[in-house]
2 protein chains.
Amino acid sequence: MASIKDVAELAGVSRATVSRVLNETGQIKEATRDRVHAAMKKLNYRPNPLARSLATSSSNTVGLVVTSYRGSFFSELMAEVQEEMDQQGKFLLVSRGKRSRESEQLALQRLTDMRCDGLILHARNLYDEELIELAQQETPFILLDRQVEGLEDRCIAFEHAEAGKLAVEHLIQHGHQKIACLAGPRERLTARLRFQGYEQALREHHIDLDESLVAEADYDRQGGYQAMAEILERHPDITAVYSCSEEMCVGAFDLFREQNMTVPGDISVISFDSVSICTMLTPAVTTVHFPIKEMAAKASSALSSLMNHQPLRKLDTFKPELRQRESVRTLK
Amino acid sequence: MASIKDVAELAGVSRATVSRVLNETGQIKEATRDRVHAAMKKLNYRPNPLARSLATSSSNTVGLVVTSYRGSFFSELMAEVQEEMDQQGKFLLVSRGKRSRESEQLALQRLTDMRCDGLILHARNLYDEELIELAQQETPFILLDRQVEGLEDRCIAFEHAEAGKLAVEHLIQHGHQKIACLAGPRERLTARLRFQGYEQALREHHIDLDESLVAEADYDRQGGYQAMAEILERHPDITAVYSCSEEMCVGAFDLFREQNMTVPGDISVISFDSVSICTMLTPAVTTVHFPIKEMAAKASSALSSLMNHQPLRKLDTFKPELRQRESVRTLK
DNA sequence: TTGTAGGCGTTATCAT
DNA sequence: ATGATAACGCCTACAA
């Protein structure tokens, strides 16, 4: 690989000059600039980004921390971020923090070690304090789908509880009383919030919470299947289900099919969704929409602003939206 | 950020010594090793990977080139690669080459500029020659879902044509003759191959190819919907469809639902699949399986072998597999 | 066992 | 307008 030195020699100038034409900094005579360009072409020269980063302690790179690569949800999230960064000419580094705080710390460290110019964190397990501490450092970052006090201006938030309540109320308004809940893993804050929405809706409508109507799963299809099976075993007479994720909803449908249950004839279904898997099911299921795509886009553009030292337009939290389809029937 | 120099000073040794304990190279007295470790702890020292890479021209990193982030297919691919690399303690850099050769070149360049220790390329548009040229360089790489002459030992291949033929034959054996084809974009080799499978099956069974039974789409849901609509407009009497991607299949189902067509009553469906979206549809659709997950895993482990200078076990190409479900009915 | 010093490919500060 | 030269943080002969 040709280095700046080779270019300098071939062009008969100093490395400093080459660097200047490279970065279009300072004044250079057109003649020499041309010579340098020619040399670069001839040697097929590409600046070494590592050396560059080392020298400037910046990298033309932004880092993204996610918790998984699996599933359309993260696909969509990454794709959206990538697109913005393409426009900004930034290289995107993605790092996965699995399910633990340690692992997220590691993911974050790697990215900061790489001297990213900015970060987008979809971090579920880092402590608020760590984040606040991170905010002392100078590299800008945005928190995706998270709310931490004192960092409001960096948070792209969503009202999960509100959304859950909206969904369950929809069911109640259609006459349902015995409503099952496919809940997400209790360790996750957002899962707890979605569950709280369920609780609130019931409470406000004076329906007692029956824990045996709730089953927890890992947000995935298989888990949804099992959770649904458990509940149905205990309560064959439920008239509706509220699913806290699309994948779990698919799992529930797997079971329904197996048991020849029809939706919404035998059971009504409402679910969270973000990537419209729910519209692939038959019948298309009514959902509350978690707009991860728009949120990711917002996070990206907000980060871009930060990196360009532009003032941050106020970040408003995203609101849930009910998408009525064909999976809820009204009970007389 | 503390640097090696700070550690050295605090521990009262030279930077070289610190480097030695860091890399566990050479002999060091236990006492000093401890002092160094203590110093590192105290300063919360983490070696700068950029500097390291610059010095060693390696990076403990592997690069992955894909064509998109969108959809479960790439999710699965990335997740699988990531998992292997986690085990190897390698950091994964992913770069997206959109739809052009130039863009793939760029993606590849970025990765090599970053001095990746190895590469996995799911590159659709790079020329064979470029790949062969790349093979002259010393950084090892594996080609995922691609076959290029002279690089056989680096190719993880799949018999797309074979798979397509298998699918269409299945339809024919069930008595179908008027079979539509939802084809992928003609620019893509694998899409062409999948279409060739269609042609071959027809030919071998003495059915004339009718171009108006074929419509091309971009492998996506919306495209599948439209393509299916076009064909159906021209030929309301088809009895079966062969879809070259899961997403297009979903799109076709969207249309069927809209037109109150029932599967397999009104029309039989067979599709390619890799991430079992097809099992979410009702009825579950029969597919030929493209095992991207296993292939990605294989690519990863093969690359690991290469990077560890282990001999490469022979790479056998993956075979298609028919997954019978409920979307094909036999015509009398 | 440990230290010295040069190099990796850039940028950036002085000079000139 | 251009050239020395010292960083950037680490590795690695070569010496001691």
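Per chain, numbering begins at 1; letters A, B, ... match sequence-line order.
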State whether B:S53 places a side-chain N or O below 4.0 Å from either non-bridging phosphate oxygen (OP1 or OP2) of D:dC10.
no

Just by distance, no angles: are the side chains of B:S301 and B:S304 close enough, under 3.5 Å, to form a donor-acceptor pair?
no

Quiz question: by atom type and distance under 3.5 Å, do the side chains of A:R110 and A:S95 form a donor-acceptor pair?
yes

Interatomic distance, [X] [atom1] vs [N] [atom2] [rounded to whole Å]:
X: B:Q27; N: C:dG3; atom1: CD; atom2: P; value: 16 Å
X: A:D113; N: D:dC10; atom1: CG; atom2: C1'; value: 13 Å
X: A:I28; N: D:dG3; atom1: CD1; atom2: P; value: 11 Å
X: B:R35; N: C:dG3; atom1: CZ; atom2: C1'; value: 13 Å

Going 5' to 3' through nucleotides 8-16 of chain C, assign each nucleotide B (protein heavy atom under 4.0 Å from a base atom), S (under 4.0 Å only from sugar-phosphate atoms) or - (no protein heavy atom that close).
BBBBBB---

Return the minimal non-hydrogen interatomic distance between A:A157 and A:R146, and the atom names on each side.
CB-O, 4.2 Å

Residue from A:I120, A:L119, A:L93, A:L111 passing side-chain contact (heavy atoms from CB on, under 4.5 Å) with A:L64:
A:I120

A:F74 vs A:H122 aromatic rings, parallel, tilted or perpendicular, using cut-offs 30° and 60°?
perpendicular

Show your reasoning for whether salt bridge (charged side-chain N to carboxylate O under 4.0 Å, His left out) applies to A:R99 and A:E187.
CA-CA 10 Å; A:R99 254 82 199 292; A:E187 323 83 77; 6.0 Å; no

